[in-house]
Amino acid sequence: MALQAPKPTAGRNLGGSLARLSGYGLLLLGGLVTLAPFYFMFVFATHERSEIFGSPPPLWFGGDLATNYQILLQKIPFWRAYWNNVYLALVVTLCNLFFCSLAGYAFAMYEFRGRNQLFAFVQATLLIPAILNLIPFYLVMTQLDRAMDPLANAFAGTFLGRIHLFDWIDTPKALWLPGMAGAIGIFMMRQYIASAIPRDLIDAARIDGCSEFGIYWRIVLPLVRPVLGTLGLITFIGSWNRFADVAVILRSQETQTLPVVLRTLQGATDVEWGAIMAGTALLVAPLLLLFVFAARQLMEGLTSGALKS
Amino acid sequence: MQHSSTAPPRASSRQMRWSNLQRRWAPYVFISPFFVLFLAFGLYPTLFSLYMSFQSWSQTDGWGHWKFVGLENYSFTLTDPMFWRAMYNTLWLGVVSGLPQHLLAIPLAFVIHMGLSRFKTFVSAVYFLPYITSTVAVALIFSTLFSTQKGVINQTIAYLNTLPLFGWFLPDENINWFLNSTIKWGIALVVVWKYTGWNTLLYLSAIQAIPRELYEAASVDGATRWQQFRFVTLPLLRPMMFFAVSLTIIGNMQLFEEPFVLLNGGASSATQGGQTVAMYMFRTAFEWLEMGTAASIAWILFAFIAVLTIINNLAFGRAAQGRGE
């Protein structure tokens, strides 16, 4: 019966609390370094250019926000670009929630031929690096309509001649349509549905004469709300921040999203950094707000079974 | 009488057949959107880029005028000093911005898990914040912070220099972050800042899955915090390390937005020092309009990613599987 926790000695205790204090110090320092760029972004948004690079730099908010905002509106179609961001992110998110939950439900609850192979295929698509796709995707979206010209001419005057399947240059659908369903979303949904929804419930609904889509729409969809929230957040944030493919596909300012339009301000000879920071702050603000309200859900969703295989 | 008794079963059998049919085909219909989209916008462009990498074509040539050039694009890329410069930059950035992420994230996750109970979510959310922020926004913010003459970072270094201890290892003069030799450090700093929180979250989720009893048993045996970290946490984190390092390799090899925005699209003089392979590919395609060559760059990069992933798998994956079970 010698199993007894050794009494902590005074020295160990001191060492322990020192370690604890240095741990907190590390956390605090890291947190400050993490937040500092955000702080300076908001502060700079309220100063004019000469002040931003003054000595010492501005550490508190100034009074030039209105001026910076005016410059911003002068130089770029700011709210148009903003709306393009909102539109793209909302459409992509809603489509993803619908198609991914539908596919995830099928993979989780149905027995069908080729199910495991098809699901393995879905997962394997994640391994293709995004960069590999950028150039051919651009070509398909901008050139294939020309490639189909002979076809269109051959059928001129008929119904077939009027189809312009790939005439998608400068249209936002070139960006949201290919991204309507993603492998990560399907994976998350399948994991969640398989573990959270009892099969009996589905069978009971079927016996009651519910159609297959009706079961999904009326029973499954309401039950997967928590994971819909997480997937929605991930998709919205990802789409909101898109840059490379938007820059490549959308060439006119009318259709471009805010990150792309803001970047063009950087090329000017006299860079209006105050205005750029004002625009950047307005770009980041919705995400910060969203995050403040949904951080717990997002982080728990990301760290729970959803993303771990 | 007889008639009325046979009618309902027939109707219901038709219904049964319909619902059976529905039930058999429903899953295929439900999963089809993803596959249709993937074939059209994923697989087709990928195969197309493979085809393209053996062709010479520029947008001005017009769609039909492809010219088969065999391996010319590949041999051009593989003998192009600019490509190897970009590859060196990419690998350099991969290590210098990749390693610190994990070396910081693992202790951070451990401290957050052991030291905090009430504010756990809040603190990890703070660290996670850079990850959800637009890379373009991040790069624009850091562009101002890095400014050579009066940027916040240089002014902070200058201020720290006036304190006794720091003068030792900090530079005396302002750093010009946008020189060939320094821009890589700047990019690495931004990448570390942006992705450390993401890795912290991954490691935190793995640490939370470690049973409390293991720590209790260790502390009963008299293990200090450090020993608990060294002999309980670290070995059990190996599977997550494998996963997180894989993600970092794949992400860092495709680094594009941070250098692209910090270098103002490649127009600045520091281009060579900070140009990554992804950026070089982008410029080959859209600045120099050599689509075939750009496609070959993409496939060479893909081969590098595949090799690195396999190496990571051999070094980490087997050990991770062995210990994880």
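Proteins get letters first, then strands, A, B, ... in listed order; numbering begins at 1 in each. Note: hydrogens, waters and symmetry copies are ignored here, and every other heavy atom, side chains too, is used.
- For the set Thr156(B), Thr121(B), Leu140(B), the count of heavy-atom pairs under 4.5 angstrom toward chain A peaks at Leu140(B).
- Here Pro37(A) is the residue among Gly30(A), Pro37(A), Gly279(A) with the most heavy-atom pairs under 4.5 Å with chain B.
- Met253(B) does not touch chain A: none of its heavy atoms, backbone or side chain, sits under 4.5 Å away.
- Of the two parts of Ala125(B), the backbone and the side chain both hold a non-hydrogen atom closer than 4.5 Å to a non-hydrogen atom of chain A.
- Residue Gln22(B) touches chain A through both its backbone and its side chain, counting heavy-atom pairs closer than 4.5 Å.
- The environment of CZ in Phe122(B) is sparse: at most 12 heavy-atom neighbours from other residues, nucleotides or ligands sit within 6.0 Å.
- Of the two parts of Phe142(B), only the side chain, counted from C-beta on, holds a non-hydrogen atom closer than 4.5 Å to a non-hydrogen atom of chain A.
- Considering CD1 of Ile135(A) and OG of Ser296(B), their distance stands at 9.0 Å, rounded to 0.5 Å.
- With a 4.5 Å cut-off on non-hydrogen atoms, Ser124(B) touches chain A through its backbone and its side chain both.
- Options Glu257(B), Arg23(B), Met52(B) differ in how many heavy-atom pairs under 4.5 Å they form with chain A, and the most are formed by Arg23(B).
- Proximity to chain B (any heavy atom under 4.5 Å) is shown, for Arg113(A), by both the backbone and the side chain.
- Chain A forms the most heavy-atom pairs under 4.5 Å with one residue out of Thr309(B), Ile141(B), Thr196(B), Leu204(B), and that residue is Ile141(B).
- Heavy-atom contacts from other residues, nucleotides or ligands closer than 6.0 Å to CZ of Arg24(B) number 12 or fewer.
- Counting heavy-atom pairs under 4.5 Å between each of Ile132(B), Val126(B), Val136(B) and chain A puts Ile132(B) at the top.
- For Arg263(A) and Asn264(B), the side-chain atoms include at least one donor-acceptor pair closer than 3.5 Å.
- Both the backbone and the side chain of Leu118(A) have a heavy atom closer than 4.5 Å to some heavy atom of chain B.
- Side-chain atoms of Ser49(B) and Trp299(B) form a donor-acceptor pair, as typed in the model, at a separation below 3.5 Å.
- Most heavy-atom pairs under 4.5 Å with chain A, from the set Val111(B), Ile305(B), Val261(B): that is Val261(B).
- With a 4.5 Å cut-off on non-hydrogen atoms, Leu301(B) touches chain A through its side chain but not through its backbone.
- For Tyr51(B), no part sits under 4.5 Å from any heavy atom of chain A, backbone or side chain.
- Across Asn85(A), Leu258(A), Leu175(A), a single residue satisfies side-chain contact (heavy atoms from CB on, under 4.5 Å) together with Val246(A), and that is Leu175(A).
- Per-residue counts of heavy-atom pairs under 4.5 Å with chain A were compared for Thr46(B), Leu129(B), Leu201(B), Leu145(B); the largest is that of Leu129(B).
- Judged by the 6.0 Å and 45° rule, Arg115(A) forms no cation-pi pair with Tyr110(A).
- Only the side chain of Met277(A) comes within less than 4.5 Å of a heavy atom in chain B; its backbone stays farther off.
- In terms of heavy-atom pairs under 4.5 Å with chain B, the best-connected choice from Phe40(A), Phe99(A), Phe243(A) is Phe243(A).
- Both the backbone and the side chain of Tyr127(B) come within less than 4.5 Å of a heavy atom of chain A.
- Both the backbone and the side chain of Phe34(B) come within less than 4.5 Å of a heavy atom of chain A.
- When each of Val122(A), Ile128(A), Leu26(A), Leu35(A) is scored by its heavy-atom pairs under 4.5 Å with chain B, the top score falls to Val122(A).
- Contact of Ile276(A) with chain B is made through the side chain alone, with heavy-atom distances under 4.5 Å.
- Relative ring orientation between Phe187(A) and Phe119(A) is described as parallel, the plane-to-plane angle staying below 30° on a 0-90° scale split at 30° and 60°.
- When each of Phe38(A), Tyr24(A), Phe107(A) is scored by its heavy-atom pairs under 4.5 Å with chain B, the top score falls to Phe38(A).
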